[in-house]
Amino acid sequence: MKKLFLYSLMLSSVLSFSSCSDEDESFGASLDREWMTMFICDNNRGKGDDYAYNCKAEGPNGNDIHLYWYGVNDCAGYQIRQALQPNVSNGADAWGTSAENGLLLLDTIVGPDVLDLVIKDQQYSTDFRFAIRVLSKKDDNITDFSHASKWYGHGDGRQWAEFLGITTADRYATPFCVYVDGSKTTETTMRVMLNRNFDVVSEGVSEDDKAIYREKFELDANNNFVYQWLEVAPSPNNPESTVNEKWKNYKLTEEDFARGYVDIDGLQKNSVYVINVRNENVKVKWDAYYNTYSARSDGEPGEPILVTHELTAPSRDYFDTEEAYQTALEQHEVALKYDAMRIDFMLTDFISDVNLAEGQTYYLEGGKTYCMFNNLTTCKGFILRTNPEDVAAGKRAKVLLGGMHTTGTNVNSMNLMFGRQPQAGEGGEIYMKMLEFYDIDFDCPLALNYGDNIAGVGSTTGNYFINMFSNGMAVHLENFVIKNCTFKRLVRGFIREQGPNYKIWDHVLIEDNQFFDCGYYSNGAGGYPWIAGSGNNANSNLYKDFVVRGNTFYDCPFPSFFNETKQANWKGGAWNITFENNTLVNWNTRAAGNIFNMRNIPDGSTYTVRNNLIILTKQDGDARNMIMAGADIRKTMTLPDGSAGHVTLNFENNYSTNTFLSNGQIFSNNPWTATKNNFSSLVNDGSATLNGSLEVLVDDISPLELMIAPNPPHKAATNSDRYMHRADALDGTGGEHGVNLYYRQDSKVLNSKIYQLGIGAPKWRNGQK
């Protein structure tokens, strides 16, 4: 390639480069080192993404990586390193630890005249990071690098010009040839099923994908996919777990294929294994594999573990680096101010601890506060709850999701993370049996909203309860339960799934919870919906059995509850959504957020929407809008024969109070009865069967007549008031910042339809306890 020199530019920019040091050293000492080069990318070149010499993923399948860098005169050469993004995303310290632990994917030196490098045949759908430094002729560049330049590429991602990340392309459509029969799994064995026949493997697959199968994968004379080897390895979750040596690289026999499976043994309980089949005729590793499958060996959960509230400082032995230890000590001091015990280390350790089975229950002490600082990866199922004995005595545990300190004006929050990012050589799915939370009060105390931002207090906090990595592995979760919890100050979203891989939730129960002082991320209905589906993968299904029952949503402006709008050709089966006995007070008065915002609904889906209570209310003189929207439903999915899919709608006994009505009913926008882009339009065009009524009936009772104190406690002077959506509690215990949603116990209430039919969240029916 054409040699590129920016020597004069580097000379003029030496001050800015020296400010990016990984080490504490004086400017004078740095003069004896080589000038720091940079990888060429749009962050520092500014030529646009299509500039010919930008670093990029390329090649016929988009998984070759081509690096370019700026040349430095009279140097000895360049040292280039490559690592997985999750291993080095925390900057220089993480790069050093990865090098010490043998986790670098590439560590090479090239000569002074070499200004580009092609790294062939990398793993698909993988985020890589790269670092480079200039070597000096004054050093031997074997053991002595004292005159080498500083590393370029050790930035942590927030320093946009100080790191290089490249993501390889998604792999082409891949036949599903290997999986595990979960019914045959024990603590030490698994039954690995072998699929080969083209017709069986491609059943339900599009014609386009079938064509890719035939182009990219070898078929024998009997129309069977060709592979000879089975490979079984412990997951990076539990790298020390055992597996019988023979299965690490096992040559499959005709007997194995005739049987259709192989029983592997020598496994360790409570461990995840990565399983591949490989065609030896294909010389490129990542193209030789078929689908990658991950599975967990069995184990019996032990007795619940009581997490006794202790405020001891972390041990130095727990941390790889002194920097990480010092950070943990600083966080410990922050936790002490909240009298909070840290539990994210404990839950992280649980994932790799083969002595603790999936499904382990952790009891938190009622009346105590616990906290987490780091994002918590959830890829092994557990149950977190307040000790039931404490709950019976009226005491609940509180868990702080970060939000206890700031960096500048930015609040340091955390999220739980569905699944995790893949490690080298890993793919497939994360399979979890459960993720369950009971009787816990969740909060992010210092979180800032849009009004705070407008007031100049700091940046709006972008936190969630559960988020996902954009490059996260596929996730299959059997049971997801959130019951009798409260959620406060989640600003950007509640649950967000994203990325190209599929997500399947078999059973979801969100029941008897309270949500308040959440949302308010932007001027409108910004942020993400309560359940934000990305729709990137047609095999996803978040809504196989999704029940939202008995909850209270108070003045939390998120855009919608159920959101799936991108995918047109679902393959993951029908949706079965239940939304019943919920109380919605000022659901989203910032931008008329819809409860349902969904497109291309799968054939055979069912919506059960009943006994919900919708209220709009505010104090006299409060400037906030009083608006409410129902749904944006465009159509059902189109079936292969061109006809529309058919769904069932079970709607009944949905009610509102009698204030702030529009045309005699509570929806100011997009009522369920609308004849365009809504449930009623599905009924009218014959793609839905309606049982019941789509109307939200108006009971002759006002919010103030029904409840003790339902109005937002703060009068909004403008639509960007800092406190306009604040509520510290919903049960009368929040003082001047609280509300009280318990029903009055007078004849007006007791004779109302809302009371007699059991409309809304049951918690508020029978008076304050």
Side-chain angles (χ1 to χ4, degrees), residues 59-63 123-126 167-179 193-220 222-227 276-277 279 282 284 286-294 427-429 431 470-476 497-506 533-544 563-576 598-605 634-647 687:
N61 295 321
N63 68 325
Q123 185 174 356
Y124 293 97
S125 304
T126 302
T167 302
T168 49
D170 296 339
R171 194 182 182 191
Y172 41 81
T174 305
F176 194 85
C177 288
V178 59
Y179 67 96
M193 308 302 293
L194 305 173
N195 275 350
R196 283 202 303 169
N197 182 265
F198 181 91
D199 292 336
V200 173
V201 173
S202 62
E203 184 176 353
V205 172
S206 71
E207 293 302 317
D208 288 344
D209 284 354
K210 289 179 183 179
I212 293 172
Y213 289 0
R214 292 191 179 279
E215 175 191 356
K216 299 288 188 180
F217 295 90
E218 183 180 1
L219 290 163
D220 66 16
N222 296 316
N223 210 31
N224 290 325
F225 289 105
V226 175
Y227 53 87
N276 281 292
V277 289
N279 182 0
V282 178
V284 176
W286 305 112
D287 295 316
Y289 289 140
Y290 289 77
N291 66 291
T292 298
Y293 198 87
S294 297
E429 71 174 21
Y431 193 98
S470 60
N471 66 330
M473 298 169 66
V475 177
H476 189 160
E497 62 94 359
Q498 62 171 334
N501 294 312
Y502 64 80
K503 297 91 185 171
I504 298 172
W505 302 348
D506 288 337
S534 70
N536 288 349
N537 192 301
N539 294 305
S540 293
N541 192 341
L542 305 185
Y543 308 115
K544 292 177 70 174
N563 186 79
E564 283 286 7
T565 61
K566 294 181 180 179
Q567 185 57 239
N569 300 301
W570 294 107
K571 302 176 184 177
W575 298 342
N576 292 284
M598 311 185 94
R599 311 282 190 274
N600 302 302
I601 303 170
D603 183 50
S605 295
R634 299 298 172 90
K635 63 176 184 176
T636 59
M637 68 181 291
T638 302
L639 300 179
D641 63 3
S643 63
H646 193 273
V647 302
S687 57

Student check: side-chain heavy atoms of Asn223 and Arg214 closer than 4.5 Å: yes

When you measure from the side chain of Ser202 to the backbone N and O of Val205, does any donor-acceptor pair fall under 3.5 Å? no

Could you check whether Asp641 and Ser643, counting side-chain N and O atoms only, form a donor-acceptor pair closer than 3.5 Å? yes

Heavy-atom side-chain contact between Cys177 and Val201 under 4.5 Å: yes

Anything under 30° is parallel, anything over 60° is perpendicular, the rest tilted; go ahead and classify Tyr179 against Phe176. parallel

So does Asn63 get a backbone contact from the side chain of Arg171, meaning a donor-acceptor N/O pair under 3.5 Å? no

Does NZ belonging to Lys635 count more than 12 external heavy atoms closer than 6.0 Å? no

Please work out whether the ring planes of Phe225 and Phe198 are parallel, tilted or perpendicular, with thresholds of 30° and 60°. tilted

A side-chain contact here means heavy atoms from C-beta on lying under 4.5 Å apart; do Asp506 and His476 qualify? yes

Whether Lys503 side chain and Asn501 backbone form a donor-acceptor pair below 3.5 Å: yes

Partner of Tyr124 under side chain to side chain donor-acceptor pair (under 3.5 Å), picked from Thr168, Asp287, Thr174, is Asp287

Do Val475 and Glu497 come within less than 4.5 Å of each other through their side chains, counting heavy atoms only? no

Report the relative orientation of the aromatic rings in Trp575 and Tyr543; use parallel for angles under 30°, tilted for 30 to 60°, perpendicular for over 60°. perpendicular

State, yes or no, whether a side-chain contact exists between Asn600 and Gln567 at a heavy-atom distance under 4.5 Å. no

Taken to the nearest 0.5 Å, the spacing of Gln123 CD from Tyr289 OH works out to 9.5 Å

What's the spacing between Met637 CE and Trp570 CH2 if we round to 0.5 Å? 9.5 Å

Check: Asn576 side chain, Lys544 main-chain N or O, donor-acceptor pair, under 3.5 Å: yes

Side chains of Tyr227 and Leu194: closer than 4.5 Å at any heavy-atom pair? yes

Is a side-chain donor or acceptor of Asn222 paired with a backbone partner of Asn224 at a separation under 3.5 angstrom? no

What I'd like to find out is whether the side chain of Glu564 reaches to under 4.5 Å of the side chain of Ser540, using heavy atoms alone. no

Is it true that a side-chain atom of Asp603 and a backbone atom of His646 form a donor plus acceptor pair closer than 3.5 Å? yes

Using side-chain heavy atoms (C-beta onward) and a distance below 4.5 Å, is Val178 in contact with Tyr290? no

